[in-house]
There are 2 protein chains.
Amino acid sequence: MANHGKRFDDSTASQCLSCYLKALCLPRDLTPEQFGTLGRIVDAPVRLDKRESLVQQGATFSHLYAVRTGSLKQVTDGANSETLLTALYLPGDIIGFDSIGSGHYSGTIVALESSSVCRLPFECLDELSSRMPILRRHLQRNISRTMQEERLRLHQLLSRTAEARLAYFLLGISNRFRQRGYSPHHFRLAMSRGDIGSYLGLTHETVGRTLAAYQAQRLLYVSGRDYHLLDVTRLERLASSTGRRQKRA
Amino acid sequence: MANHGKRFDDSTASQCLSCYLKALCLPRDLTPEQFGTLGRIVDAPVRLDKRESLVQQGATFSHLYAVRTGSLKQVTDGANSETLLTALYLPGDIIGFDSIGSGHYSGTIVALESSSVCRLPFECLDELSSRMPILRRHLQRNISRTMQEERLRLHQLLSRTAEARLAYFLLGISNRFRQRGYSPHHFRLAMSRGDIGSYLGLTHETVGRTLAAYQAQRLLYVSGRDYHLLDVTRLERLASSTGRRQKRA
DNA sequence: CGTTAGGTTGAATCCTCTCAACAGCCGTGG
DNA sequence: CCACGGCTGTTGAGAGGATTCAACCTAACG
C-alpha cells in the first residue's frame, strides 16, 4: 500500500468509521488502530448508475465489494443460454464471496438503481486476515452464514408453490431491511417482476398474479415496486406452509 | 496439542499421507513438514453404522469432518416441522463449512451406509491457517466454491421440471464419482427415492416415475439403488433444458 | 410522439401432487 | 421356519397449480 504510514483517521479510514453500515460489513470490537489498518486498504467508493455493471461474469476475481447505497443483482448465465438472477445485494452486503474459489466472478453484477459500493482488494484483505484473527473469523462467519442460509432457503423453495415462494421471498427482504434499520413493512424493491421470477424460478406472469392475489386478501399492497406488508403474520403462515393441499395424517 | 513433538510420519500423520483422498481435502503442494503439522491435528477416524448420526442439528459447532468412506446426508428441519435433505457427502467432501457462521451444526448428519470420517478440530485448523497461507487459501476456496456451485445449481433447479432436475442431479453425482476416481457410469447411491425427492423438491412417486421413464428411453438402467448411466449425452441435454415446452422466439 | 420495456389479465395445456392400492424386502419375534 | 409389520418402491387416477401463448395497458424515454 502506498499509504502505509497514514494515520487511522485519514480520509479513507474515516470513510468506514463514519459509515453507519460498519456493523454489517466489519467485525465489531475492533480497536481504533485495527480499524485504521482496515480502513486504509479500502479504495474510494465506486458510483454506479442504474443498469450499469460492476463486474462481468468470468472476469478474474480481484476485489470484494461492500454495498454502501442502492441495490444490485447478480445475473449468471448457465451453459444453455439461460440467464438467472442468482443474488440480490442490499446495503451492507458483501459481494464476491462466491468468486474466491474459482478465481473468476461467478456472475455479472448490475446496479438495480443508482448505487455506490466500496472496493476491497482481496489480496490485502487476505494478507491482513492472517495477522488479525478477528477479521479472519468475521470473513469466515460471513461466508459460512450466507452459504448455510442460502442452502436452506433454496431447498425450502424447491418444494413450494408460487404463493409460498413469494411470501418467503418478501419476508426475507423485509428482514434484511429491518436489520439495516429501514422499515420492514414498507420498502421499495428495485427488481422487476421478471427479476423476481428469475430469482424464484417462476414466470413473470405468475409473480404478478400472485401479488394480485395477495392484495385481494389484504396481505399487502403493491404499487409498482413499492411494497407495503400489511399482515406479516399471515404472510409467515403462507411462507412456511408448502402451499399445497394438506397431506392427510 | 499434546502431541506437539511428534514426527510428521507418526501414525495420525501417515493416515493422511496414505489417504488416496488427500488431493480432495488437503491442499496440494504441501511440504512434508507442513503435511506432518496438519496430519497431527487430525483425530482418529470415526466409524459410523448405517443410519447412525455424526452430529445433531443445533449442537455447538466444534469440528469439521472429512468423509473417508461411505456417504452421509445432512437433514435439516425448518420451522414448520418439515425436514429436508440439504446435502449429500461423498468421500473427500468436507462436512461442516455451513456451520462455522452460526456456531451450531445446521443439520443432522446421518450415515447412509457404513462410513468413516476424519475429525478436524476447527480451532486448531483455524489457528494453523493463520500461519499457513496455503491452507487458508485452500479452505477459502473450498467453502467459496461449494457455495457458488450450490447457489447456481439450486437456482437452476427452481425453474426446471422433474425430468430435468433428476438428470441434473444424477449427472452431478456422476461427476463427483468421476473426480474421486470411481466410474461415472455405474455407481451405487445409498439414498432412498424419498431422500432424492426431498433433496430435489419432488415427491418420491415422481422420482420413481421419472426414473422409470428414463429407463423406457434407455437413458439409464436402475436396479434398486444401483445406477447405470447409458446415454450421458442425452441426459445432459435433458438436464440443461428446462424440460418445458419451448418458448417460441 | 412513437417505441420499448414492464406489467396485467385471460384461456388452454401440461406437469406434478395427492391419494390409494399393491408388490418386494427386511428385520423382529413368535 | 414362517408370519408379521414396517419401510421402500411402483403404478394408476384425478385434481390443482404453473406455464405458455396472446392481447392489451401503462409508464418511461429518446
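No experiment lies behind these values; they were computed from the predicted model shown.
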Assuming nearest nucleotide by heavy-atom distance, tell me which of B:Thr206 and A:Thr210 is located more 5' along DNA chain D.
B:Thr206
Between B:His204 and B:Thr242, which is nearer to the 5' end of DNA chain D once each is assigned its nearest nucleotide?
B:His204
Whole Å only: how far is the [atom1] atom of [X] from the [atom2] atom of [N]?
| X | N | atom1 | atom2 | answer |
| --- | --- | --- | --- | --- |
| A:Met191 | C:dG6 | CE | P | 13 Å |
| B:Asp226 | D:dT8 | CG | P | 18 Å |
| A:Leu202 | C:dG7 | CG | P | 15 Å |
| B:Glu205 | C:dA20 | CD | P | 12 Å |
| B:Leu158 | C:dC15 | CG | C1' | 16 Å |
| B:Arg51 | D:dG6 | CZ | C1' | 10 Å |
| A:Arg160 | C:dC17 | CZ | P | 14 Å |
| B:Tyr214 | D:dT10 | OH | P | 14 Å |

When you check the side-chain N and O atoms of A:Ser106 and A:Asp98, is any donor under 3.5 Å from an acceptor?
yes
Is there a donor in the side chain of B:Ser115 and an acceptor in the side chain of B:Thr69, or the other way round, less than 3.5 Å apart?
no
Would a line drawn from the ring center of B:Tyr199 to the ring center of A:His155 be shorter than 6.0 Å?
yes
Sub-6.0 Å ring centroid separation between B:Phe122 and B:Phe61:
yes
Nearest heavy atoms of B:Arg119 and B:Ala44, plus distance in Å
CD-O, 4.4 Å
Is there a side-chain polar atom (N or O) of [X] under 4.0 Å from OP1 or OP2 of [N]?
| X | N | value |
| --- | --- | --- |
| A:Thr161 | D:dG17 | no |
| A:Thr203 | D:dT19 | yes |
| B:Arg225 | D:dG9 | yes |

Ignoring hydrogens and angles, answer whether the base of D:dG17 and the side-chain atoms of A:Arg209 contain a donor-acceptor pair closer than 3.5 Å.
no
Residues from residues 192-199 of chain B lying under 4.0 Å of DNA chain D - heavy atoms
B:Ser192, B:Arg193
Please check this pair: side chain of B:Ser114 against backbone of B:Asp49, looking for a donor-acceptor N/O pair closer than 3.5 Å.
no
Measure up the A:Tyr105 and A:Tyr65 rings against each other and bin them: parallel (under 30°), tilted (30 to 60°), perpendicular (over 60°).
tilted
